[in-house]
Amino acid sequence: MSNVMRRALGWGAIYLVLALLPVAGVVAFSPAEGRGFGVELGTLLGLLALVVMALQAVVSGRHRWFGEALGFDNLLQFHRRMGHFALLLVVAHPLVMLASRPAWLDYLDPRDDTLRALALIGLLLATLLLVVTSLWRQACGLSYERWRALHGLLAVAVVGGGLGHALMVGHVTRGLPGWLLGGLVGASLLLVAQSRLLRPWRLLRRPWQVVEASPARGDATTLVLAPVGGHRLAFAPGQFAWITLGDTPFRLQQHPFSIASSAARPERLAFTIKRLGDFTATLPEVPAGTRAFVEGPYGAFLPDAGNPSGAVLIAGGIGVTPVMSILRTFADRGESLPLWLIYANPTWEEATFREELDALAERLDLEVIHVLDEPPEGWQGERGKVDRELLSRCLPADDGRRDYFICGPDPLMDAAEGALIELGVAPTRLHSDRFDMV
């Protein structure tokens, strides 16, 4: 079993224990009151929903003490799936309860107890809004900054309101179960405060500034930052960081971008960012001297320089930025492992860094394979999609030790991952970077 799988199983077991601990406490220590199986089941579903929602704050908080071991991309996907699961639990809780005791429908009647009814209806609607705006942010017309603020406020409201509801009911919060539930929810709220308040406060002491914002091929902008003071950001090639532009890190405008510069030159950070939204569209006009704050680095998207089998790098569009950090770093350090880069773009003009890739191929044991959807007249290279046939034609046979790193649009990544698995590559040697939060 690989180290990645062992870490995933270990943290997965811890998550399962934490999620089920209050439920187990209720089953073991709460007195039986003869309320019937349906009522007890509905109660436990609601309790589990509250704990899962509280744990969401831990999973999404960019905490290195477990995030680095699992990969922040994997955690993001897990966070989304557990959000869906929590919504199902929240909806199932009242449905099961009301199916068992239809008379309890009166609790939702504002004519009976207005405050109680509005609180319960508001809690359910807040959960629905939390999930809907996360899944369909752009369809809802929300900018990233407004969504981030709404997401945080709704999450705190749902967890806090759910805990208040459980305490008011009282059946599941007496004795040890109540202490377990309060401890988990309290710890999650403390972690939210740590990530939203303490972490930005620390960034105030390590400011950066923009020294250059220059256009790059493929409708992109290269943003170069330098530290204000003697500090540096030690990072590994392939990692990413969260950037905030402005005089304070206490802003909603915080976005994750892959570092494109060489890790051998930490005195400057370069981010090449494609125009994809409101924030990225403003980057070409950012003046030199603008204050910036950098939170990171995060991620583990790095080939082993000591692997004699080398590595395959598959990138689509602006997904080439972490690959550029890897190649630039290896070139600066004089690494000699064999590398293959499959770089897919719609057109030749959109192939960011194509000239530099030619130069890097002279300094490294690197083969660059461009793949175009719409090649120019006379094109002699690869065309079409990155599929099994293209990979088998362009890459050497897998030897069981080579690692594969994929970054780009979801359709390309899905196709490349599936094709590689069909060609016999073990899933544990596939490393994907799927961040799409901007």
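Quick caveat: nothing in here was measured; it's all calculated off a predicted structure.
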As a quick check of understanding, evaluate salt bridge (charged side-chain N to carboxylate O under 4.0 Å, His left out) for Glu349 and Arg217, giving each step before the final call. CA-CA 7 Å; Glu349 287 304 314; Arg217 192 185 303 277; 3.2 Å; yes
Treating [X] as the side-chain partner and [Y] as the backbone partner, does any N or O pair qualify as donor plus acceptor under 3.5 Å?
{"X": "Gln56", "Y": "His79", "answer": "yes"}
{"X": "Thr329", "Y": "Ser262", "answer": "no"}
{"X": "Asn307", "Y": "Arg401", "answer": "yes"}
{"X": "Arg205", "Y": "Trp201", "answer": "no"}
{"X": "Tyr343", "Y": "Gly317", "answer": "yes"}

Cation-pi between Arg328 and Phe353: NZ/CZ under 6.0 Å from ring centre and within 45° of the ring axis? yes
State which residues pass side chain to side chain donor-acceptor pair (under 3.5 Å) with [X]; sequence neighbours excluded, sorted by chain then number.
{"X": "Ser336", "value": "none"}
{"X": "Asp398", "value": "Tyr404, Arg429"}
{"X": "Arg265", "value": "Asp332"}

Just by distance, with hydrogens left out, do Arg148 and Gln253 show a side-chain donor and acceptor under 3.5 Å apart? no
So, Glu285 and Thr282: side-chain donor and acceptor under 3.5 Å apart, yes or no?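 No, no side-chain donor-acceptor contact under 3.5 Å.
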Hits for salt bridge (Lys or Arg N to Asp or Glu O under 4.0 Å) against Arg393, two or more places apart or cross-chain, chain-then-number order -> Glu382
Arg291: salt bridge (Lys or Arg N to Asp or Glu O under 4.0 Å) partners, not counting sequence neighbours: none
Does Arg146 CZ have over 12 foreign heavy atoms under 6.0 Å away?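 12 or below, so no.
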In terms of heavy-atom contacts, does CG of Asp247 have more than 12 from other residues, nucleotides or ligands at under 6.0 Å? no
So, do Phe293 and Pro207 sit near enough that their side-chain heavy atoms are less than 4.5 Å apart? yes
Does the side chain of Val312 reach to within under 4.5 Å of the side chain of Ile406, using non-hydrogen atoms? no
Sequence-distant partners of His84, ring-ring contact (aromatic ring centres under 6.0 Å, His included), two or more places apart: none
